[in-house]
Amino acid sequence: MKYTIPPVQDPQSSASMPICATSASTFRDAVARARQRVAAGIPHAIFVIRVERLRDATEHCGHEAGLVLLEKIDRLLVREAGPWNADCRPSVDQIAILKQDCRRRDAIALAHRICDVLNAETFCWHDLTFRVGATIGVLELEEQPEGIDDLLGRATEACDAARSLGNDGVLVFTGHPGEREAVERERAWREHISETLV
C-alpha cells in the first residue's frame, strides 16, 4: 500500500487544520530517525487512529464543528498518550502518531486505552449528539526491510483491518510474513459465521 499524506484543507478557505500539523516530510524524517534508534535497541511504534465521526462532524455540522472535535480529541490524546515524537493527519478522519520507548505490549495497552476513551466519548454540537468512536492500527517498528512509505502504509492498513474486523478497535502489525493472510482468513471466517447465523 502506497502511503500519502494529503494536506487537509478547510473546504471554505485555504487554511490548514491546526491540529496534527506536522508535514508529510517531517513525519517521514521522524520515522527514518526512529528506525535508526530501533536498530540501537530503542523501541518505537506507529499508531494510526481513525476517528469514526470526525468526517461526519465536518461534513454535516460544518468546518467549525470539525475543528472543535479535533481540539477535543487532541486534549484526550495528550492526556492518554503523553508526549510523542511526531504526528500528522494521513486523511480527514485519521491521526498518525509516532511514539518512542513503546514496546509491543505497551503499544497494545496504549492503543486499547485510547480506543476505549474515544469510543466512550460523545460530541455535542447544537442539537446533535453522537458517539465519537475510533479504531486503531499499530505498527511495531522493527528492522523491517520496507521503505518508509511502505511502513506507514502498513500501519494504515492495520487501522483499516481493525475497523473491518471489529477487533476491539485495535490491530497490531509487526511486519512479519503472513500477517495480511491471517487477517484475510479472520475476516472470511467472521463473514462465514455471520452468514451462517442469518
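Because the structure is a prediction, the values reported are computed rather than measured.
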- Message: Once rounded to the nearest 0.5 Å, what's the spacing between atom CG of Leu67 and atom CD of Glu64?
- Response: 7.5 Å

- Message: Once side chain to side chain contact (heavy atoms under 4.5 Å, CB included) is applied, do any residues pair with Leu110, and if so which ones, sequence neighbours excluded?
- Response: Phe47, Ala81, Lys99, Arg113, Ile114

- Query: Do the non-hydrogen side-chain atoms of His112 and Ile136 ever get within less than 4.5 Å of each other?
  - Reply: no

- Task: Applying side-chain contact (heavy atoms from CB on, under 4.5 Å), run through Leu152 and Arg28 and close with a yes or a no.
- Result: CA-CA 9 Å; Leu152 298 175; Arg28 289 188 178 94; 4.2 Å; yes

- Does Leu98 reach the side chain of Val31, with side-chain heavy atoms less than 4.5 Å apart? yes

- Are any of the side-chain heavy atoms of Thr122 and Phe130 separated by less than 4.5 Å? no

- Measure the spacing between CZ of Arg75 and CG of Leu70 and express it to the nearest 0.5 Å. 11.0 Å

- Query: Which atom pair, heavy atoms only, marks the closest approach of Ala65 to Ala57?
  - Reply: CB-O, 3.8 Å

- Query: Under the 3.5 angstrom rule, does the side chain of His60 hit a backbone N or O of Thr58 as a donor-acceptor pair?
  - Reply: no

- Considering only heavy atoms from C-beta outward, does the side chain of Asp149 approach that of Leu151 to under 4.5 Å? no

- Query: Side chains of Arg79 and Leu76: closer than 4.5 Å at any heavy-atom pair?
  - Reply: yes

- Query: In this structure, are over 12 heavy atoms from other groups packed under 6.0 Å from Glu80 atom CD?
  - Reply: yes

- Item | Candidate pair Lys72 and Glu121, rule side-chain contact (heavy atoms from CB on, under 4.5 Å), full reasoning | CA-CA 10 Å; Lys72 183 174 187 177; Glu121 194 66 29; 2.7 Å; yes

- Query: Just by distance, with hydrogens left out, do Gln94 and Arg89 show a side-chain donor and acceptor under 3.5 Å apart?
  - Reply: no

- Task: Output the distance between atom CD1 (Ile42) and atom CG (Asp101), rounded to the nearest 0.5 Å.
- Result: 6.5 Å

- What distance do Cys102 atom SG and Asn85 atom CG have between them, rounded to the nearest 0.5 Å? 10.0 Å

- Query: If you take all heavy atoms of Arg37 and Ala30, which pair is closest and at what distance?
  - Reply: NH2-O, 4.4 Å

- Task: Could you state whether Leu128 and Val68 fall into the same hydrophobic cluster, counting links through intermediate Ile, Leu, Val, Met, Phe, Trp or Tyr residues with side-chain heavy atoms under 4.5 angstrom apart?
- Result: no

- Task: Run the salt-bridge test on Glu52 and Arg131 with the 4.0 Å N-O cut-off and return the result as yes or no.
- Result: no

- Atom of Val132, atom of Phe123 and distance for their closest heavy-atom approach: CG2-CB, 4.1 Å

- When you look at Ile73 and Leu69, which way does the side-chain contact (heavy atoms from CB on, under 4.5 Å) test go after all the steps? CA-CA 6 Å; Ile73 292 167; Leu69 179 54; 3.8 Å; yes

- In Å and rounded to the nearest 0.5 Å, what is the CZ to CD distance from Arg33 to Gln100? 10.5 Å

- Is the side chain of Asp93 donor-acceptor paired with the backbone N or O of Leu54 at a distance under 3.5 Å, no angle test? no

- Apply side-chain contact (heavy atoms from CB on, under 4.5 Å) to the pair Ile49 and Cys159, showing each step before the final yes or no. CA-CA 7 Å; Ile49 306 164; Cys159 180; over 6 Å; no

- Could you pull out the closest heavy-atom pair between Gly147 and Arg35, with the gap in Å? C-NH1, 3.9 Å

- Asn119 (side chain) donor-acceptor with Cys115 (main chain) under 3.5 angstrom: yes

